[in-house]
Amino acid sequence: EEEEEEGGRDTADSTAKALVCPECSSDHVVQISSQSDPCTSTPIPCPQGKHPSILHIPFGARHTGSQESPVSCSPRTGTPTANQELEGAEQTAQYDSTTESFSTPKNGTFYIGEGSGVEGQSWGDNTDSQLASFHTTDVDTPASTDVSFSSRLAVEINSKGEDLAGSYCYSTAKTPQTQPESNEESSLLEYNLFIEDFQAVDHRLKLFFDVDVFEEDSEELQLFLKMSTVKFGDPGEFPSLLVVSDQWLYILEITSETQGQPSDWLRKRESHQVSDLGYLEVGLGSQSIHMEFEEGGSAYTLLIRDSTRCEHVFSLLTEIVRKLAPKSDSKLKSISTIRLDPQHHLWPLIGENADMDGSEDYQLKFFYLLAFLLQGENMTPVTVLVTRDTLYLLNEDHQWSKSVPSQTSNGNTESFDRRVQVQETQPISCVSSVHLFSAAPRRVNIKLYDEIAKDEKTWQLQTDSPDLLTGLVDWIRTQWEAMFGVKLTTCLQETGS
């Protein structure tokens with residue numbers, strides 16, 4: 001018996017030593033033999049009338065009205081852990097539906113507390129209600145993770161918030177799917193620079209002009225135009241914007257794709273006071289405008305490649321310049337339209353077909369077009385010149401200056417050799433067919449066949465004006481049908497290579 005008592009004491013001592021406080025790691029632990037009240041997740045019956053204010057929580061309904069005020073459930077002494085509550089919830093989900101503190105959903109709404117709520121009335125209908133959210137305290141779940149109710153939620157909250165008991169079914173809240181960013185910005189990235197109203201401008205461009213372009217605070221925009229510019233002294237053309245205010249004229253170079261902020265793709269390259277403009281002239285075929293300024297002698301050719309737009313812009317420029325002409329500081333000397341006469345650099349190609357009705361009257365039969373030649377992925381600027389029997393592809397130097405004549409004392413032969421390079425010549429009789437494209441109204445393919453050389457080729461041309469393209473096709477067809485007395489084959493395709 002003594003051995004048994006000693007063995008029992010040893011067992012007790014070892015058990016005491018094995019007990020360690022989880023908070024302070026102390027081995028001085030007092031074990032109370034009495035059991036605490038059992039914890040349960042079963043809802044506590046609520047006597048009728050004890051809780052006059054009950055929260056009604058709708059599921060799937062859109063809450064409106066009051067501002068959300070989340071309420072967190074903090075751990076309490078004797079409160080089961082999240083895992084225990086989850087197990088309890090699964091067991092409680094099957095309890096009798098007559099339990100006073102839990103009411104099954106009515107009209108898509110869950111009621112917390114007694115099932116005496118008004119039929120069909122949801123929590124969202126009560127403007128004084130507030131939302132409740134619960135957070136798990138499970139060590140396996142991050143503290144910041146929200147949890148949401150399942151369809152088997154039953155919670156009772158009294159008006160004073162003193163008692164909280166119920167069955168919970170915890171599930172990790174689904175992160176709301178992020179909506180794709182609005183495409184509004186991307187849709188506004190592109191700028192429409194080919195508009196009919198040259199005085200209407202995108203608000204982003206208008207702001208850019210006011211802040212970064214205009215020299216004077218009092219300037220008012222009069223017109224702007226997308227075109228290509230050739231400055232006298234440099235044969236190369238560059239894409240640009242012509243911006244004209246009531247005081248200054250600016251040429252802005254387009255340095256990249258017209259997307260994003262204007263400062264990303266626009267650079268102010270030239271600026272002149274409108275009063276310094278000395279010469280203003282519309283070019284051949286009304287497809288370009290020539291300008292020369294007195295100060296510095298700078299001269300420019302604006303390649304618009306559209307007769308309608310060119311004439312409209314020239315009219316607006318003329319009106320702006322003439323308003324300043326009566327002022328003493330205006331340098332304006334002439335406003336004119338170019339004439340194709342023996343001094344013009346294209347005269348050697350056209351003059352032989354001229355009909356002279358008088359000493360200085362020339363009835364010229366030709367069609368002139370500023371276009372682009374498509375060669376694979378490349379698009380090269382060219383001049384298409386068509387007489388009554390010949391088609392020309394020309395590389396034309398568009399440098400122009402009124403004060404520096406283009407011809408020399410030896411006539412215009414040297415001027416032609418310097419300013420025009422004939423890339424290709426074809427008789428109109430070699431045209432076999434003309435192909436147009438409904439999906440690309442500014443494009444035309446002219447198929448040529450040389451019966452003597454048995455050679456077939458195609459001129460793929462792109463224009464900036466559907467009207468000028470129609471004029472080119474009509475001119476070729478008229479001359480060709482006059483030669484052969486039959487209809488020229490003209491095909492309309494949807495697309496083409």
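The structure displayed is predicted, hence computed values, not measured ones.
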Inset, instruction - Determine the minimum heavy-atom distance between Trp480 and Val431, stating which atoms define it. - result: NE1-O, 3.0 Å
Inset, instruction - Taking all non-hydrogen atoms of both residues into account, name the closest pair between Leu369 and Phe367 and its distance. - result: CB-CE2, 3.9 Å
Legend entry - Lys323 and Val274, any side-chain heavy atoms less than 4.5 Å apart: no
Inset, instruction - Taking the side chain as every heavy atom from C-beta outward, state whether Leu205 and Leu266 have any pair of such atoms under 4.5 Å apart. - result: yes
Inset, instruction - Report yes or no: does Gln399 contribute a side-chain atom to a donor-acceptor pair with the main-chain N or O of Gly233 at less than 3.5 Å? - result: yes
Legend entry - Thr380: partners by side-chain contact (heavy atoms from CB on, under 4.5 Å), with sequence neighbours left out: Gln375
Legend entry - Whether Ser271 side chain and Tyr250 backbone form a donor-acceptor pair below 3.5 Å: no
Inset, instruction - Begin with the C-alpha distance, continue with both residues' side-chain angles, and end with the deciding distance and a verdict on side-chain contact (heavy atoms from CB on, under 4.5 Å) for Ile320 and Leu223. - result: CA-CA 10 Å; Ile320 295 171; Leu223 70 90; 3.9 Å; yes
Legend entry - Close side-chain approach of Trp400 and Glu292, heavy atoms under 4.5 Å: yes
Legend entry - Option from Leu280, Ile338, Val230 for which side-chain contact (heavy atoms from CB on, under 4.5 Å) with His290 holds: Ile338
Legend entry - N/O donor-acceptor pair under 3.5 Å between Asp246 side chain and Glu220 backbone: yes
Inset, instruction - Can you measure from CD (Gln273) to CD (Gln247) and round to the nearest 0.5 angstrom? - result: 8.0 Å
Inset, instruction - Dump the intermediate steps for side-chain contact (heavy atoms from CB on, under 4.5 Å) on Leu242 and Met227, then the final yes or no. - result: CA-CA 7 Å; Leu242 173 68; Met227 64 347 178; 3.3 Å; yes
Legend entry - Between Ser298 and Glu270: side-chain donor-acceptor atoms closer than 3.5 Å: no
Inset, instruction - Please identify each residue that fulfils ring pair (Phe, Tyr, Trp, His ring centres under 6.0 Å) with Tyr300, with sequence neighbours left out. - result: His272
Inset, instruction - Say whether, by atom type as modelled, one donor and one acceptor occur between the side chain of Ser315 and the main chain of Glu311 under 3.5 angstrom. - result: no
Inset, instruction - Please report the closest heavy-atom contact between Arg305 and Ala371, naming both atoms and the distance. - result: NE-O, 4.1 Å
Inset, instruction - Would you kindly say whether Arg443 and Gln460 are connected by a side-chain donor-acceptor distance under 3.5 Å? - result: yes
Inset, instruction - Given salt bridge (Lys or Arg N to Asp or Glu O under 4.0 Å), test Glu294 with Lys331 step by step and report yes or no. - result: CA-CA 7 Å; Glu294 282 291 313; Lys331 308 294 192 307; over 6 Å; no
Inset, instruction - Considering non-hydrogen atoms only, spot the tightest contact between Val282 and Cys310 and give its length. - result: CG2-SG, 3.9 Å
Inset, instruction - For the residue pair Trp248 and Val213, establish whether any side-chain heavy-atom pair is separated by less than 4.5 Å. - result: no
Inset, instruction - Please determine if Glu215 and Lys268 form a salt bridge, counting it only when a charged side-chain N lies under 4.0 Å from a carboxylate O. - result: yes
Inset, instruction - Write down the atom of Leu284, the atom of Phe366, and the distance for their closest heavy-atom approach. - result: CD1-CZ, 4.3 Å
Inset, instruction - Can you measure from CG (Asn395) to CD (Gln421) and round to the nearest 0.5 angstrom? - result: 5.0 Å
Legend entry - Those residues that, when tested against Thr489, pass side-chain contact (heavy atoms from CB on, under 4.5 Å) (two or more places apart): Ser433, Cys491
Legend entry - Between CD on residue Gln287 and OG on residue Ser465, distance to nearest 0.5 Å: 8.0 Å
Inset, instruction - Take Leu391 and Ile428 through the test side-chain contact (heavy atoms from CB on, under 4.5 Å) and record every step on the way to the result. - result: CA-CA 6 Å; Leu391 294 93; Ile428 285 185; 3.2 Å; yes
Inset, instruction - Answer yes or no: is there a side-chain heavy-atom contact under 4.5 Å between Thr387 and Tyr392? - result: yes
Inset, instruction - Return yes if a side-chain donor-acceptor contact under 3.5 Å exists between Gln426 and Trp459, otherwise no. - result: no
Legend entry - Ser256 versus Trp265, closest heavy-atom pair with distance: OG-CB, 3.2 Å
Inset, instruction - Go through the steps to decide whether Thr308 and His312 satisfy the test side-chain contact (heavy atoms from CB on, under 4.5 Å), and finish with yes or no. - result: CA-CA 6 Å; Thr308 302; His312 188 186; 5.8 Å; no
